[in-house]
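Accompanying notes for the structure given below.
In the text below, chain A, chain B and the rest are named by the order of the sequence lines, each starting its count at 1.
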2 protein chains.
Amino acid sequence: MEARHLRYALALAEHEHFGRAAGALGIAQPPLSKQIADLEREVGTRLFDRTRQGVFPTVAGAAFLSRARRALDEIAAAAVDAARAARGETGRLRLGFIGSALLEPLPDVLGRFGRERPDVRLELHEMATNRSTAALVAGELDLAIGLGRPRGVGAEQLVSVPVGHDHLVAVVSGTHPYAGQPAVDVDQLRRQPLIVASGKDEPAIATALRTLLGKDSPALSGATVARDIHTIIGFAACGVGVGLGPSRMLAAPRPGTWFCEVTPRTPLPDLVLSFTARDRSPALNAFLDVIRTNCPDVGAALDHRLGPRGPQ
Amino acid sequence: MEARHLRYALALAEHEHFGRAAGALGIAQPPLSKQIADLEREVGTRLFDRTRQGVFPTVAGAAFLSRARRALDEIAAAAVDAARAARGETGRLRLGFIGSALLEPLPDVLGRFGRERPDVRLELHEMATNRSTAALVAGELDLAIGLGRPRGVGAEQLVSVPVGHDHLVAVVSGTHPYAGQPAVDVDQLRRQPLIVASGKDEPAIATALRTLLGKDSPALSGATVARDIHTIIGFAACGVGVGLGPSRMLAAPRPGTWFCEVTPRTPLPDLVLSFTARDRSPALNAFLDVIRTNCPDVGAALDHRLGPRGPQ
DNA sequence: GGCTGGCGATACCTGTGAGATATGGCCGGG
DNA sequence: CCCGGCCATATCTCACAGGTATCGCCAGCC
């Protein structure tokens, strides 16, 4: 049985007349008669009563027609759903990101994406950079935002693009001697109790700090370790010491704290967007489009990575 | 888009391999490639990713496949449902009947039909014979059980078969002088207060009584009128008089009453089964089959009415 | 009662397209 | 570098969907 048979049966039921139904279907009457006859033979029952007053479904025909309607609806919906999924209007996007990404690029992008693609299910997973890289390679994520270019096994299959640039800034409590001054020198930091991000969770920042302060700096080894930016700021606000973190921290002002530049200006690993070069889902492309329009420079980098012919 | 495309896409998704899927479908590989390509062109999107490791649905393909599965299920169910409806295993049977039919032929037949055809919705409507005839003609009933051959406009379109034969019997209270005697003569009845069925609801019985007792018998005009058999028996039990009714009454024994024959034996209008000659639904045929096996003589009469080639 | 007109079924022809066979292009493994 | 597996392409063929012509049948209707 083919979809054609269902369409013809429905048209016949609607027009109650072979000739008119055939006309509506754009075919001649004899082929319609034959197709209906074939259908009835296949089902094994007469589906229509041919009377002088018109052609009407039998009891069996009525049962058949209600199923046929649903079947054709499903077929039409299949094409529509597939097209929508291909345009990235539906589906799922699994995003892994380092917590601090919630400060600067994500709120804007997530808000706009949620508005533009309300039917895409966004799955957000906060995780450290090395974990999100592994999850990308394992196919458990579609997109990751982390610190620095992804490293490790399989990282070469990933496309990665920096989003924004960061440098080191310091945060202290409002009562700290540094409060009010625009900058603090790295030499001063060496003699202060420091608060830094965990080297285990964020090796990229830890590496940058070791480079800045010296490989085995006692200031570093004695530093208080915090697992995220908010904790660093919190510690600093309590007067635990001088918090060190990316300039993205400035997007999270907190009363009773003071931010100042660190001299010399020290670039930190960039926030990097990455995803698998193959297997890019339409939802991911849609997300990249949102980023493209939001941050033109990131868009340019993306286009460069994915080839000059545009996305997919 | 045809059902073939859906079947092919599902087979391809299942086997993840063009060659093997084609084999399972009983066709060669190139036609499958072409059909899938045509499908993808029609939907407007690539539905399968061809990799060295196998052929896997894209996101759009997955959305398409889930709809396709449901569509094919509906198509299969359409054929099954139609066949079941044609065999009378599903559907609806609207039965109009005179209340007294619940005494004798109906309990058996309804019980058996309900067991044999649990998925047929039985709609039972108690009504007088002339109303059920009109409802049959108007197409509001599929089957009617009434007294005597149907009369009135359109009655000639009906097929009607008697089920069982009735004669007049009398019912009195256990304390009545007639109680204990096997028979009562019609002449005795003329001098008794009588209880009879309403001539408006059941003209067939009223006519028989007029014939028996005389057209303008004062015993009849002064008789107590009851609307159904149970009321006749109830009146008799209260000593109101001598109840007269069909021998089917014997199926409704009631403590404190006595039934006796009326002499001479007076045949009453038969209980008659009728339905429209055309428009016989499969459920109706199934019901007639049950009657056929339950009452062979009725079956024989049915076969005679519907032609010797059996039902339909 | 014969005539006519409308409708569905049948007969027969035609052209499209589903499917078969043969082959090419591409990549991955030996 | 060659070989083998896999999908795509090219070409042919035949089945069948669909077209035209016609028939059979019944209902009005002069």
Worksheet item: Is B:Gly54 touching bases, backbone alone, or none of the nucleic acid, heavy atoms closer than 4.0 Å?
Response: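 Touches nothing.
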
Worksheet item: At under 4.0 Å between heavy atoms, what does A:Phe48 touch on the DNA or RNA strands: base, sugar-phosphate, or nothing?
Response: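 No contact at all - A:Phe48 keeps every heavy atom at 4.0 Å or more from the nucleic acid.
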
Side chain of [X] only, heavy atoms from C-beta on: which candidate in [options] is closest?
X: B:Phe18; options: C:dG28, D:dC7, D:dA27; value: D:dC7
X: A:His17; options: D:dC7, D:dA10, C:dG8; value: C:dG8
X: B:Ser33; options: C:dG28, D:dA8, D:dT20; value: D:dA8
X: B:Gln29; options: C:dG28, C:dT10, D:dA8; value: D:dA8
X: B:Ile27; options: C:dG8, C:dA20, D:dT20; value: C:dA20
X: B:Ala28; options: C:dA11, D:dA27, C:dA20; value: C:dA20

Please state how far atom [atom1] in [X] lies from atom [atom2] in [N], giving the value in whole angstrom units.
X: A:Glu42; N: D:dC16; atom1: CD; atom2: C1'; result: 14 Å
X: B:Tyr8; N: D:dC7; atom1: OH; atom2: P; result: 16 Å
X: A:Glu2; N: C:dG19; atom1: CD; atom2: P; result: 9 Å
X: B:His15; N: D:dC7; atom1: NE2; atom2: C1'; result: 17 Å
X: B:Leu39; N: C:dG19; atom1: CG; atom2: P; result: 13 Å
X: A:Ile36; N: D:dG18; atom1: CD1; atom2: P; result: 12 Å
X: A:Phe56; N: C:dG8; atom1: CZ; atom2: C1'; result: 14 Å
X: A:Leu32; N: C:dA9; atom1: CG; atom2: P; result: 9 Å

Worksheet item: If only side-chain N and O atoms of B:Arg50 are considered, is one of them under 4.0 Å from the OP1 or OP2 phosphate oxygen of D:dA8?
Response: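 So the side-chain polar atoms of B:Arg50 do come within 4.0 Å of the phosphate oxygens OP1 or OP2 of D:dA8, strictly under.
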
Discussion item. For C:dA18 and B:Arg4 - does any side-chain N or O of the residue sit under 4.0 Å from the phosphate oxygens OP1/OP2?
Written reply: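 Yes, within the criterion.
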
Worksheet item: Is the shortest distance from a Lys or Arg side-chain nitrogen in A:Arg70 or A:Asp73 to a carboxylate oxygen in the other one below 4.0 Å?
Response: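 Result for this pair is no, no salt bridge flagged.
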
Worksheet entry | Basic-acidic side-chain contact under 4.0 Å: B:Glu40, B:Arg50 |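 A salt bridge is present here (some side-chain N lies under 4.0 Å from a carboxylate O).
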
Item to complete: Indicate whether any N or O donor in one side chain lies under 3.5 Å from an N or O acceptor in the other, for B:Ser160 and B:Arg149.
Response: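 B:Arg149 and B:Ser160 do have a side-chain donor-acceptor pair below 3.5 Å.
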
Worksheet item: Closest nucleotide of DNA chain D for B:Ala37 versus for B:Arg20: which of these residues is on the 5' side?
Response: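 Closest to the 5' end, via its nearest nucleotide, is B:Arg20.
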
Fill in: Shortest non-hydrogen contact between B:Ile291 and B:Leu273, atoms and distance
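Reported closest heavy-atom pair: CD1-CD2, 3.7 Å.
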
Worksheet item: Has the side chain of B:Gln35 got a donor or acceptor atom sitting under 3.5 Å from an opposite partner on the base of C:dA18?
Response: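 Result: no qualifying N/O pair found.
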
Item to complete: Could you tell me whether B:Arg84 atom CZ has more than 12 heavy atoms of other residues or ligands within 6.0 Å of it?
Response: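 Yes - once you tally the heavy atoms of other residues, nucleotides and ligands closer than 6.0 Å, there are more than 12.
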
